[in-house]
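Data first, discussion second: the structure below is written as structure tokens.
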Protein chains: 2
Amino acid sequence: MSQSGVGIDLDKSLGYLLKEASSALRAAMEEVLRPLGMSVTHYSCLELLAQRPGLSNSELARGAFVTRQSMNVLLQALERDGYVTRPAEAPVGKVLPARLTPRGRRSLAEATVAVRSVEVRMLAGMTEAEQSGAFLILRNMIHSLRDGNDGT
Amino acid sequence: MSQSGVGIDLDKSLGYLLKEASSALRAAMEEVLRPLGMSVTHYSCLELLAQRPGLSNSELARGAFVTRQSMNVLLQALERDGYVTRPAEAPVGKVLPARLTPRGRRSLAEATVAVRSVEVRMLAGMTEAEQSGAFLILRNMIHSLRDGNDGT
DNA sequence: CAACGTATGTCAGAATCCTGACATGAGTCA
DNA sequence: TGACTCATGTCAGGATTCTGACATACGTTG
């Protein structure tokens with residue numbers, strides 16, 4: 001024992017381990033994405049748009065866990081470089097639905113291969129049961145954390 | 001199904017879920033730490049120092065998952081405000097071992113209460129077996145991610 | 001119809017963090 | 001002893017993200 005009950009034992013804290021795992025995953029993704037000139041948020045945005053075309057800036061921000069302001073600067077760059085298109089005028093309200101261009105789709109295809117290899121590596125050594133167990137546990141954590149957020 | 005095999009199904013991706021959980025945890029910690037005028041990295045630094053007194057700037061950076069440059073600016077601020085002390089001269093080499101001051105220890109005590117409540121909330125609804133299962137699975141993920149990092 | 005609350009897109013400024021670089025000191029090896 | 005490698009602390013610059021704020025548009029509620 002290297003400590004004496006002063007605080008939270010980091011060696012046994014699930015929270016710390018969660019941060020560590022997330023950090024390792026992000027680092028691994030950055031490593032394989034860097035040769036493609038793409039950041040994690042960049043990739044997340046493209047992946048989200050591929051699966052749910054027409055997502056708005058704010059929705060993309062929530063999906064990528066950044067603020068809508070941050071996502072907006074990214075979207076403007078992606079639009080400028082021809083990876084994404086947004087209508088000049090909102091079809092309804094102020095919401096501008098974004099969509100991938102063919103170029104964006106090609107770019108995403110490359111990135112997906114790289115990211116998939118990371119995910120496969122992360123899952124190596126885990127049985128199917130462990131994977132679905134991890135899935136349930138993580139969903140449980142998220143739910144619990146968001147629950148008490150405003151409840152008390 | 002909202003997509004057609006274009007990429008990685010985010011709804012089923014453990015990586016995405018990991019990021020989501022980590023994001024929720026960070027948000028919850030920021031929320032309880034904000035009234036104390038403390039950031040997550042700030043708290044992490046104090047907690048690390050409490051458990052392992054004499055840690056160097058670089059070691060603290062690794063433990064808090066930031067660069068040593070970022071940790072250095074934080075340490076300088078903590079030192080300026082009297083939460084941490086570092087010797088003016090390195091006892092050996094260039095490594096400056098940092099230690100909490102009584103004030104730092106008091107500050108940490110407040111923060112620990114807040115953070116512990118978050119951790120307890122996160123673990124709510126999880127059995128002991130699930131918790132230790134999650135522990136092993138996360139450790140497994142981290143190991144797998146770091147393993148293949150330079151192996152190939 | 002009008003007022004209210006909510007959500008969105010956007011702008012401006014600041015804070016945070018990172019990349020790159022340098023000099024210094026310890027350890028290793030010939 | 002001398003050269004090499006590695007890790008550390010630190011400085012400067014740039015990139016990314018966040019906080020705060022504003023106007024606009026929708027839905028609800030009276």
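Each chain gets a letter, A, B and so on, in the order the sequences are listed, and its residues count up from 1.
- The NZ atom of A:K94 sits 11 Å away from the P atom of C:dT8 (whole-angstrom rounding).
- Within the model, atoms SG of B:C45 and CG of B:L60 stand 5.0 Å from one another, a figure rounded to the nearest 0.5 Å.
- When each of B:Q69 and A:S58 is assigned the nucleotide of DNA chain C with its nearest heavy atom, A:S58 is the one assigned upstream, toward the 5' end.
- Closest approach to the B:S70 side chain among C:dC18, D:dC18, C:dA23 is made by C:dC18 (side chain taken as heavy atoms from C-beta onward).
- Here the side chains of A:E130 and A:L123 are not in contact, with every heavy-atom distance at 4.5 Å or above.
- Both A:L74 and B:S56 lie near DNA chain D, and the one whose nearest nucleotide falls closer to the 5' end is B:S56.
- For the pair A:R34 and A:E59, both in contact range of DNA chain C, the more 5′-proximal nearest nucleotide belongs to A:E59.
- Closest to the A:T67 side chain, of the nucleotides D:dG9, D:dC18, C:dG9, is D:dC18.
- At whole-Å resolution of the value, CG in A:L60 and P in D:dT17 are 14 Å apart.
- Contact check, B:N72 against D:dT10: a side-chain N or O comes under 4.0 Å of OP1 or OP2.
- Ion pairing of A:R62 with B:E20 is absent here, as no side-chain N (NZ or NE/NH1/NH2) approaches a carboxylate O to less than 4.0 Å.
- Straight-line distance from the CG atom of B:L75 to the C1' atom of D:dG9: 11 Å, rounded to whole Å.
- Contacts of A:Q76 with the nucleic acid, taken as non-hydrogen atoms under 4.0 Å apart, involve only primed sugar atoms and P, OP1 or OP2.
- Residue contacts shown for A:S39 are absent, as no nucleic acid heavy atom lies under 4.0 Å away.
- When rounded to the nearest whole Å, the span between CZ of B:F65 and P of C:dC18 equals 12 Å.
- Atom pair A:N57:CG and C:dT8:C1' shows a separation of 9 Å (rounding to whole Å applied).
- Residue A:L96 contributes atom CG, which lies 18 Å from atom P of C:dA7 at whole-angstrom precision.
- Ion pair A:R106/A:E110 not flagged as a salt bridge, since none of the NZ, NE, NH1 or NH2 atoms sits closer than 4.0 Å to an Asp/Glu carboxylate oxygen.
- Residue contacts for B:R86: at a heavy-atom cut-off of 4.0 Å it reaches the sugar-phosphate backbone alone, with no base atom in range.
- An OP1 or OP2 oxygen of D:dT16 is reached within less than 4.0 angstrom by no side-chain nitrogen or oxygen of A:T41.
- In this structure, B:L55 places its CG atom 15 Å from C1' of D:dA7, rounding to the nearest Å.
- Distance CZ (B:R68) to C1' (C:dC22): 11 Å, rounded to an integer number of Å.
- Classified by interplanar angle (parallel below 30°, tilted 30° to 60°, perpendicular above 60°), the ring pair B:F65/A:Y16 is tilted.
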